[in-house]
Amino acid sequence: MPDPRFVMVGDGYRVATYSWGPDDATTVLLVHGFASSARDNWVNTGWVRDLLRAGYRVLAVDQRGHGASDKPHEAAAYALRTMATDVEAVLDTYLVDEALYVGYSLGARVGWEVARDFETRIDRVVLGGVPDGVPLGRLDLDQVRAYVEDGVPVTDAVTQNYIALTERVPGNDLRALLAIAGGMRATGTVDPDPANAPRQPVLFATGSKDGIIEGSKALAAATPHGRFVEIPDRHHFNAPGSRAFREAAVAFLAE
């Protein structure tokens, strides 16, 4: 991992960014999922390596609340629109006129917004494990809050998986991640609108064992230049490490 370069975003928080490869190569922007980081989602899984081998410049972001970025504890800091404008501020700071976008889970939901906002600057898009509906909508916030504040054991199976994911990644702050989930719930326009889908070529990729797979397929079908690839034998939490996912994405970006 290179040392982070911090970008100051609109409300005064710092977002950590990382860059690999020559500045004059085509840029691929990587945006990770909930409770992950640039290192966890993209470096440790081989994405940065494979993209560099394919000749790209790679630019990755620790979304606010994650990694080396600032981690406010207020839900209001994590509106979906705010997280999208963070990514857009990174592109502006690095003076990237055109880029390819790869996002997973929460990073894919943010990518839906970025692709629509920056239609002339984002040429192709990969959205892995993109949730249809409220991001983190399956998380039991009351159980997470009780666990964080009082140590009450979590009984909901899906929430247990999210807690395990959170505690697996060094440096995660459970209070910040609870705030992220609250911020997503409070956002007024959290559902991807199939009637207002990105118009660029978009590859949707979701694990065969992921509960959101049918919703992801539906979004792909509604996207004018969308296509869907199923990541074999993967669920939501381990799909980013799939070689099949990486290979499909790299081939799609090169078209």
Side-chain angles (χ1 to χ4, degrees), residues 26-36 41-42 45-47 50-51 54 56 58 60-61 63 80 83-84 87-88 98-119 121-138 158 165 184 187 189-255:
T26 299
T27 297
V28 178
L29 177 64
L30 302 177
V31 185
H32 63 79
F34 176 73
S36 188
N41 216 151
W42 307 119
T45 55
W47 282 84
D50 287 2
L51 289 166
Y56 294 107
V58 180
V61 177
Q63 296 199 78
L80 181 62
M83 299 187 77
V87 175
E88 294 164 6
E98 295 182 355
L100 309 170
Y101 186 103
V102 180
Y104 188 77
S105 191
L106 179 59
R109 184 61 190 88
V110 169
W112 177 282
E113 302 297 318
V114 173
R116 288 177 51 233
D117 289 351
F118 276 15
E119 182 179 332
R121 292 174 66 180
I122 304 294
D123 296 328
R124 302 181 79 83
V125 185
V126 176
L127 302 180
V130 63
D132 63 323
V134 180
L136 309 173
R138 297 177 295 164
V158 172
L165 176 68
M184 293 293 104
T187 297
T189 55
V190 292
D191 296 331
D193 181 3
N196 195 18
R199 294 192 289 182
Q200 305 95 319
V202 182
L203 177 68
F204 295 81
T206 301
S208 60
K209 298 180 179 180
D210 193 331
I212 67 170
I213 187 169
E214 294 305 321
S216 296
K217 288 179 178 178
L219 289 176
T223 300
H225 301 287
R227 74 179 75 162
F228 182 84
V229 61
E230 186 170 310
I231 307 168
D233 301 317
R234 297 286 176 146
H235 53 68
H236 194 76
F237 300 100
N238 66 4
S242 166
R243 177 182 296 177
F245 182 18
R246 295 197 308 273
E247 290 177 346
V250 172
F252 171 79
L253 294 176
E255 290 180 12

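Numbers for residues simply follow the sequence, beginning at 1. Small disclaimer: the values here were computed from a predicted structure and weren't measured.
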Please confirm whether the backbone N or O of Gly33 pairs with a side-chain atom of Asn41, one donor and one acceptor, at under 3.5 Å? yes
Using side-chain contact (heavy atoms from CB on, under 4.5 Å) as the criterion, list what pairs up with Ala115, not counting sequence neighbours. Val125, Pro198, Gln200
So, for Ala84 and Val114, which heavy atoms are closest and what is the spacing to 0.1 Å? O-CG2, 3.9 Å
Can you tell me if NZ on Lys209 sees more than 12 non-hydrogen neighbours from other groups inside 6.0 Å? no
For Arg116 and Ala197, work out which heavy atoms get closest and say how close. CG-C, 4.3 Å
Checking side chain to side chain contact (heavy atoms under 4.5 Å, CB included) for the pair Asn238/His235: CA distance, chi angles, key distance, verdict? CA-CA 6 Å; Asn238 66 4; His235 53 68; 3.3 Å; yes
For the atom pair OG (Ser36) and CH2 (Trp42), what is the distance rounded to the nearest 0.5 Å? 8.0 Å
Say you draw a straight line from CG of Leu106 to CG of Leu80; how long is it, rounded to the nearest 0.5 Å? 7.5 Å
Leu51 and Leu30: which non-hydrogen atoms are nearest, and at how many Å? CD1-CD2, 3.9 Å
Given 3.5 Å as the limit, does a donor-acceptor pair link the side chain of Ser216 with the main chain of Gly129, or not? no
Working to the nearest 0.5 angstrom, can you tell me the gap between Met83 CE and Met184 CE? 5.0 Å
Could you tell me if the side chain of Glu98 sits less than 4.5 Å from the side chain of Phe118, heavy atoms only? no
Backbone of Phe252 reached by a side-chain donor or acceptor of Arg124 within 3.5 Å: yes
Of all heavy-atom pairs linking Gly207 and Ile213, the shortest is O-CD1, 3.5 Å
Spell out, as yes or no, whether a donor-acceptor pair under 3.5 Å connects the side chain of Tyr56 to the backbone of Val28. no
Taking only distance into account, with no hydrogens and no angle test, what donor-acceptor pairs under 3.5 Å do side-chain atoms of residues 225-233 form with protein atoms, sequence neighbours excluded?
from	atom 1	to	atom 2	distance (Å)
Arg227	NH1	Glu255	OE2	2.9
Arg227	NH2	Glu255	OE1	2.9

First locate atom CG of Leu29, then atom CG of Leu100, and finally report the distance between them rounded to the nearest 0.5 Å. 9.5 Å
Expected output: side-chain Arg246 to main-chain Thr45 donor-acceptor under 3.5 Å: yes
In Å and rounded to the nearest 0.5 Å, what is the CG to CH2 distance from Asp117 to Trp112? 12.5 Å
Got a second to check how far Thr26's OG1 is from Leu253's CG, nearest 0.5 Å? 10.0 Å
Heavy-atom closest pair (Val250 atom, Ala54 atom, distance to 0.1 Å) is CG1-CB, 4.1 Å
Aromatic contact between Trp47 and Phe245, with the criterion being ring centroids under 6.0 Å apart: yes or no? yes
Under 3.5 Å donor-acceptor, His32 side chain and Gln63 backbone: yes
